[in-house]
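Here is how names work: the chains are called A, B, and so on, in the same order as the sequence lines, proteins then strands, and each is numbered from 1.
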Number of protein chains: 2
Amino acid sequence: MRMAKGVEWALHTLLNLDMTGGGPVGSGQLAEAHGLSPSYLNKQLQQLARARLVVSVPGPRGGFRLARPLEAITLLDVVEAIEGTAEVFHCTEIRCSGKIGELSPPPTGACAVNAAMRRAEQAYHQALAAQSLADIRAELDRSPAVRRIVRSALN
Amino acid sequence: MRMAKGVEWALHTLLNLDMTGGGPVGSGQLAEAHGLSPSYLNKQLQQLARARLVVSVPGPRGGFRLARPLEAITLLDVVEAIEGTAEVFHCTEIRCSGKIGELSPPPTGACAVNAAMRRAEQAYHQALAAQSLADIRAELDRSPAVRRIVRSALN
DNA sequence: GAGCGGCTACTCGGATAGCCTATGTCCGAGTCAAGACGG
DNA sequence: CCGTCTTGACTCGGACATAGGCTATCCGAGTAGCCGCTC
């Protein structure tokens, strides 16, 4: 179980988009800022656009800009935009298969194993939703040079 | 990001192992109980044995038995036994690469993005560690027929 | 000089290969138990 | 009748194919701005 690295790319890129100001920035520039594959970052940005986290501007001088302030973007938004909303633990209902499944009556309630795993997953989701990108930006702003460096890198 | 289905197999199998009593049960029987691939379930059981959650008994009439009561086995134990202890979010330190990396001084503290993701992951771990397999067993015991069915399926 | 049309270049967007891990399978080493044999 | 040895079958254990999804790439559709032309 490993999270797609596109999540890391998306998080840093969203933070960079905020520090450059409101104007759209091309995926090529954003990729160059961190030495990433431009085409693949573009794919991730499209996922963010579908999730309405960024707005894509076509044509020359186009690119991507934030759709809303960082205060309104949580870690959960980004993870779900890239990874999708499917559950991490996917119950295949093996309790209904095999000998035990044949001997058991059709189940009435939910699978207890699945319920337990969902509780943990919910805690994960809540912890992700409790942190906004603005919180991370605040931590980055402890070294005030960051904003200047990002702007000069994305001029 | 999808959890390995071996975790689901392992959880149900550990619960079944408990309901049969203390004697060792072969991986073939355990697989037949839920219609699983015997060889692949055996692989998962080996992972559980390495993590000291079950004890393997070689030879005829051998198999696997629980190494400790379900009260002492948490969901986190099972997940880490199957999935490993590597972090879900793996920071590749892209902040040190590309234009921004070249313009920035060597970082002093930890990556803020990584720290935020780790906080969420820690919440997940805590939620997993807070639930033991005995809790799930208690939920299953609400329908008292389960234990009888499991025992007759694994006779 | 002002307005308009065409063109170019740059951007996003989706369709297309490659690789790596999870999945699934197979066969060999080890071990216990039963059965045959000898005392 | 009892003890011991041999044999057999059954189990775990790890090494070997396979597949699905993440990773990476490329090319086409669309658009804004610029340049030249015309009035």
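The side chain of R50(A) contributes an N or O atom lying less than 4.0 Å from OP1 or OP2 of dG14(C). When the side-chain nitrogen and oxygen atoms of Q46(A) are compared with OP1 and OP2 of dC12(C), none of them lie within a distance under 4.0 Å. S27(B) has no side-chain polar atom (N or O) that falls below the 4.0 Å cut-off from OP1 or OP2 of dT11(D).
Side chain of S104(A) to main chain of G101(A): no donor-acceptor pair is present (N/O by atom type, distance under 3.5 Å, no hydrogens or angles).
Classification of the W9(A)-Y40(A) ring pair by plane angle, with boundaries at 30° and 60°, yields perpendicular.
Proximity of L15(A) to L70(A): side-chain heavy atoms (C-beta onward) are separated by under 4.5 Å at one or more points. Within the 4.5 Å cutoff, the side chain of Q47(A) has heavy atoms near those of the R50(A) side chain.
Remark: R95(B) engages E93(B) in a salt bridge, criterion side-chain N to carboxylate O under 4.0 Å. No salt bridge links R119(A) with D135(B); every basic N to acidic carboxylate O contact stays at or beyond 4.0 Å.
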Tabulate protein N/O versus nucleotide N/O from nucleotides 18-27 of chain D, keeping only pairs under 3.5 Å, one per line.
{"residue": "dT23(D)", "atom": "OP1", "partner": "K5(A)", "partner atom": "N", "Å": "3.1"}
{"residue": "dT23(D)", "atom": "OP2", "partner": "Y40(A)", "partner atom": "OH", "Å": "2.9"}
{"residue": "dT23(D)", "atom": "O5'", "partner": "Y40(A)", "partner atom": "OH", "Å": "3.4"}
{"residue": "dT25(D)", "atom": "OP2", "partner": "S37(A)", "partner atom": "OG", "Å": "2.8"}

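Across the protein-nucleic acid pair, F89(A) atom CZ and dA22(C) atom C1' stand 16 Å apart, rounded to whole Å. When rounded to the nearest whole Å, the span between CG of L45(A) and P of dT11(C) equals 14 Å. Whole-Å rounding puts the Q47(A) CD to dA15(C) P distance at 13 Å. Between the CD atom of E32(A) and the P atom of dC10(C) there is a distance of 14 Å, given to the nearest Å. Put simply, CG on L48(B) is 14 Å from C1' on dC12(D), counting in whole angstrom units.
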